[in-house]
Amino acid sequence: MSSQKAGPAPHPEPRRRRADAQRNYDLLVSAARDVFHTHGVDAPLDDIARRAGVGNATMYRHFPTRRELIIAVYSEEVAELCARSQSLMAEDPAGDALFGWLQDFIAHVAAKRELALSIADDRTGQRSALFDAWHHSMHTAASALLTRAQGAGAVRADLSASELLALANGIALTAIDATQAERLVALVRQGTDTPSTSAGTIH
């Protein structure tokens, strides 16, 4: 999922919630993440409310529809992926930081693709705006790590973030397991190394 297209922030600034309301919101999103991961996006919403320890009325007050709950969960997944890129900006070597995050991106796409695709379109065009924003956030995260790696001479200078994310997306959609995904990333890394940093045989 990559794009250079800028979009609105992936998390529209919500109205400030009371502390108890924020706690319930966070509990519901956390519970939904667990339930969707274990049972899929069609899991009963009652199970999510039960896991969160709140009543159904509280859940529907925060999330009137399944779609809104899925959007909240996926938004949080993207935010965590992008926050991971920020934490890696201080890690050395810069090439390891870039390709470490790329592995995280691949795991995200492989595991969360069904969740993202389950967000139905509507007449307002919200789905397109959300996807543009999420894509923009991930492209920005990749660009920062790539620029740093290029500055350190770890990655060839003519590589773009869009190209790197396209390769990573392809790996996420085609790799049969995590081991193969790691090998494919290693092959990509070997192909994008500068001559001075190029590794030898990939095992």
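In this structure, Glu114 and Leu117 have side chains that are not in contact, with every pair of non-hydrogen atoms separated by 4.5 Å or more. Residues His62 and Leu69 are not in side-chain contact: their nearest non-hydrogen atoms beyond the backbone lie 4.5 Å or more apart. For the pair Ile106/Asn169, no side-chain contact is recorded, criterion being any heavy-atom separation below 4.5 Å from C-beta on. By the 4.5 Å heavy-atom criterion applied to side chains, Phe99 and Val188 are counted as neighbours. You'll find the side chain of Met138 reaches within 4.5 Å of the side chain of Leu81, heavy atoms only. Looking at heavy atoms from C-beta onward, Asp193 lies out of side-chain contact with Val155 at the 4.5 angstrom threshold.
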Next item on the list: In sequence, state the C-alpha distance, the side-chain angles, and the governing distance for Ser118 and Phe36, and then conclude on side-chain contact (heavy atoms from CB on, under 4.5 Å).
Entry: CA-CA 11 Å; Ser118 69; Phe36 289 156; over 6 Å; no

Note to self: The test is side-chain contact (heavy atoms from CB on, under 4.5 Å); show your working for Met59 and Arg50 and say whether it passes.
What the structure shows: CA-CA 10 Å; Met59 180 180 65; Arg50 190 176 306 113; over 6 Å; no

Next item on the list: Step by step, work out the salt bridge (Lys or Arg N to Asp or Glu O under 4.0 Å) result for Arg189 and Glu182.
Entry: CA-CA 10 Å; Arg189 183 169 186 176; Glu182 289 178 9; over 6 Å; no

Margin query: Working note: Arg33 + Lys112, criterion side-chain contact (heavy atoms from CB on, under 4.5 Å); need CA distance, chi angles, decisive distance, verdict.
Written below: CA-CA 10 Å; Arg33 289 177 69 173; Lys112 308 303 175 184; 5.8 Å; no

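One distance of note links CG of Leu146 with CG of Leu159; it measures 5.0 Å at 0.5 Å rounding. The distance from the CG atom of Leu98 to the CD atom of Gln150 is 8.5 Å, given to the nearest 0.5 Å. Between Asp96 atom CG and Glu91 atom CD the span is 9.0 Å, to the nearest 0.5 Å. Rounding to the nearest 0.5 Å gives a distance of 8.5 Å between CG of Leu165 and OG of Ser160. If you take CG on Leu88 and CG on Asp104, they are separated by 7.0 Å, rounding to the nearest 0.5 Å. Rounded to the nearest 0.5 Å, atoms OH (Tyr60) and CG (Leu45) are 4.5 Å apart.
Both Trp101 and Leu167 sit in one connected hydrophobic cluster of ILVMFWY residues. Membership requires side-chain heavy atoms under 4.5 Å apart, directly or through other members. Under the 4.5 Å side-chain heavy-atom criterion for Ile, Leu, Val, Met, Phe, Trp and Tyr, Ile70 and Leu27 are members of distinct hydrophobic clusters. Taking hydrophobic clusters as Ile, Leu, Val, Met, Phe, Trp and Tyr residues chained together by side-chain heavy-atom distances below 4.5 Å, Leu115 shares a cluster with Ile48.
Annotation: cation-pi pair Arg127/Phe131 present, NZ/CZ under 6.0 Å from the ring centroid and within 45° of its normal.
Screening Asn24, Asp20, Asp26 for a side chain to side chain donor-acceptor pair (under 3.5 Å) involving Gln22 leaves a single residue, Asp26.
For the pair Glu76 (side chain) and Ile71 (backbone), a donor-acceptor distance under 3.5 Å is absent. With hydrogens and angles ignored, the 3.5 Å screen pairs a side-chain donor or acceptor of Arg66 with a backbone N or O of Val41. In this structure, Ser85 contributes its side chain and Cys82 its backbone to a donor-acceptor pair below 3.5 Å. A side-chain donor-acceptor contact under 3.5 Å links Ser143 to the backbone of His139. Formation of a donor-acceptor pair under 3.5 Å by the Gln180 side chain with backbone atoms of Ile176 is found in this model.
Using a 4.0 Å cut-off between charged nitrogen and carboxylate oxygen, Asp92 and Arg148 count as a salt-bridge pair.
In terms of the side chain to side chain donor-acceptor pair (under 3.5 Å) criterion, Arg51 has no residue partners (sequence neighbours excluded).
The two residues Leu102 and Ala168 come nearest to each other via the heavy atoms CD1-CB, 3.7 Å. Contact between Glu68 and Pro64 at its shortest, heavy atoms only, is OE1-CD, 3.2 Å. Between Ala94 and Ala149, the closest heavy-atom pair is CB-CA, 3.8 Å.
Remark: aromatic rings of His108 and Tyr74 are close, center separation under 6.0 Å.
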